[in-house]
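This report refers to the structure that appears directly beneath it.
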There are 2 protein chains.
Amino acid sequence: MNIKEAAARSDLPPKTIRYYEEIGLIAPQRDLNGYRRFAEADLHRLTFLSRARALGFSIEECRTLLALWADRSRASADVKRLAQGHLTAIEAKIADLKAMHDTLSGLVAACAGDGRPDCPILHRLAPENETQRSNG
Amino acid sequence: MNIKEAAARSDLPPKTIRYYEEIGLIAPQRDLNGYRRFAEADLHRLTFLSRARALGFSIEECRTLLALWADRSRASADVKRLAQGHLTAIEAKIADLKAMHDTLSGLVAACAGDGRPDCPILHRLAPENETQRSNG
DNA sequence: CCTTGACCTTCCAGTTACGGGAACCCCTAT
DNA sequence: ATAGGGGTTCCCGTAACTGGAAGGTCAAGG
């Protein structure tokens, strides 16, 4: 199949597929006219990549996962370690975002949001009031 | 003060401060020797930026916030709208990350993590099993 | 045979918000 | 004079693509 069908079936944009070839994640054959020809095996790799990316794995993590997937003698411990590391990173990001969210939602709630200039959000950001900070 | 002290007092790296000048967020004076000279007003802007960035506002949002802060006749509604938009974006990111987290933590828990090759994580990513997917 | 339109190709630039490092200048103390 | 610890500019690299330009290919229609 050509790139457009591979894109549709893997749920990845053609541009992304070309990029994945460029960085060596896939290596489809070429037709005489230069068009990429995707075999089922290529499509499987693309689908694998699509799902791994959807779970937030980085490209380099995906590269490792692909290698582990291809290695019939892999240890599941290696996969688990990688996934656990990613999971921990996700948890850290969530914690960061939740802290921002808590602070910001309080400020938004406290802001009148009318035509007057007084605003607790700006007040919180302004460096005059060093004392009443609690977070940030 | 010189850049190092401004950096220490605003809790921003010198590189970041130079970058902020380059993109027009600050405009410190220069000494005859070419060194940047930071007045208190510059430091206030840097501190404001430091806090806004810590709350996750993008550079362009910070630019707007600085303008609103400087505008004594602003409407708090404008600030609130911007903050609310950012808050919504944060909530969307948290939701995405939580979805990843839920899927991934289930898979990690299900993986034996021993020397055997069988692995539910890879199984979930592999495109053979189209049916038993529940989340992607 | 020619054209149109939908494909495909490569290549280059831009995105976000900086960080690293080179090459070089300035200032103070010894 | 020299050593060190400032400062400066400039350029490259990051992650993972996306957009767009310039141009080749292919099937269908007139």
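First the proteins, then the strands, lettered A, B, ... as listed; each starts at 1.
- Atom CG of B:Asp31 and atom C1' of C:dC26 are 11 Å apart (whole Å).
- Taking atom CD1 on A:Ile17 and atom C1' on C:dC8, their separation rounds to 13 Å, with Å as the unit.
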Generate the contact string for nucleotides 1-14 of chain D. Rules: B means base contact, S means sugar-phosphate contact only, - means no protein heavy atom under 4.0 Å. -----BSBBB----
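- Counted within 6.0 Å of CG on A:Asp11, heavy atoms from surrounding residues, nucleotides or ligands total 12 or fewer; the atom is thus considered open.
- In summary, A:Lys98 and A:Glu91 do not engage in a salt bridge, as defined by a charged side-chain N under 4.0 Å from a carboxylate O.
- Using a 4.0 Å cut-off between charged nitrogen and carboxylate oxygen, A:Glu22 and A:Lys15 do not count as a salt-bridge pair.
- Axis angle between the ends of the helix from C:dC1-D:dG30 to C:dT30-D:dA1, five pairs each and rounded to 10 degrees, works out to 40°.
- When the nucleotides D:dT18, D:dA16, C:dC18 are ranked by their closest atom to the side chain of B:Tyr20, C:dC18 comes out on top.
- For the pair B:Leu46 CG and C:dC18 P, the computed distance is 12 Å after rounding to whole Å.
- At whole-Å resolution of the value, OH in B:Tyr19 and P in C:dT16 are 8 Å apart.
- Protein atom CD of B:Glu60 is 8 Å distant from nucleotide atom P of C:dT16, rounded to whole Å.
- In this structure, B:Arg72 and A:Pro117 have side chains that are not in contact, with every pair of non-hydrogen atoms separated by 4.5 Å or more.
- For the pair B:Glu22 CD and C:dC18 C1', the interatomic distance rounds to 10 Å; values are reported in whole Å.
- Between B:Thr16 and C:dG19 there is a side-chain N or O to OP1 or OP2 distance below 4.0 Å.
- In terms of heavy atoms, A:Leu68 sits closest to A:Asp78 at CD2-CB, 4.0 Å.
- The distance from atom CD1 of B:Ile23 to atom C1' of C:dC18 is 9 Å, rounded to the nearest whole Å.
- Atoms OH and CD1, from B:Tyr19 and B:Ile59 in turn, are 5.5 Å apart once rounded to the nearest 0.5 Å.
- Annotation: ring pair (Phe, Tyr, Trp, His ring centres under 6.0 Å) contacts involving residues 59-94 of chain B, sequence neighbours excluded, comprise B:Phe48-B:Trp69, B:Phe57-B:His86.
- Within the model, atoms CD1 of B:Ile94 and CD1 of A:Ile94 stand 8.0 Å from one another, a figure rounded to the nearest 0.5 Å.
- When the P atom of D:dA16 is taken as reference, atom CG of A:Leu55 falls 15 Å away, rounded to whole Å.
- One distance of note links CD1 of B:Ile90 with CG of A:Asp102; it measures 10.0 Å at 0.5 Å rounding.
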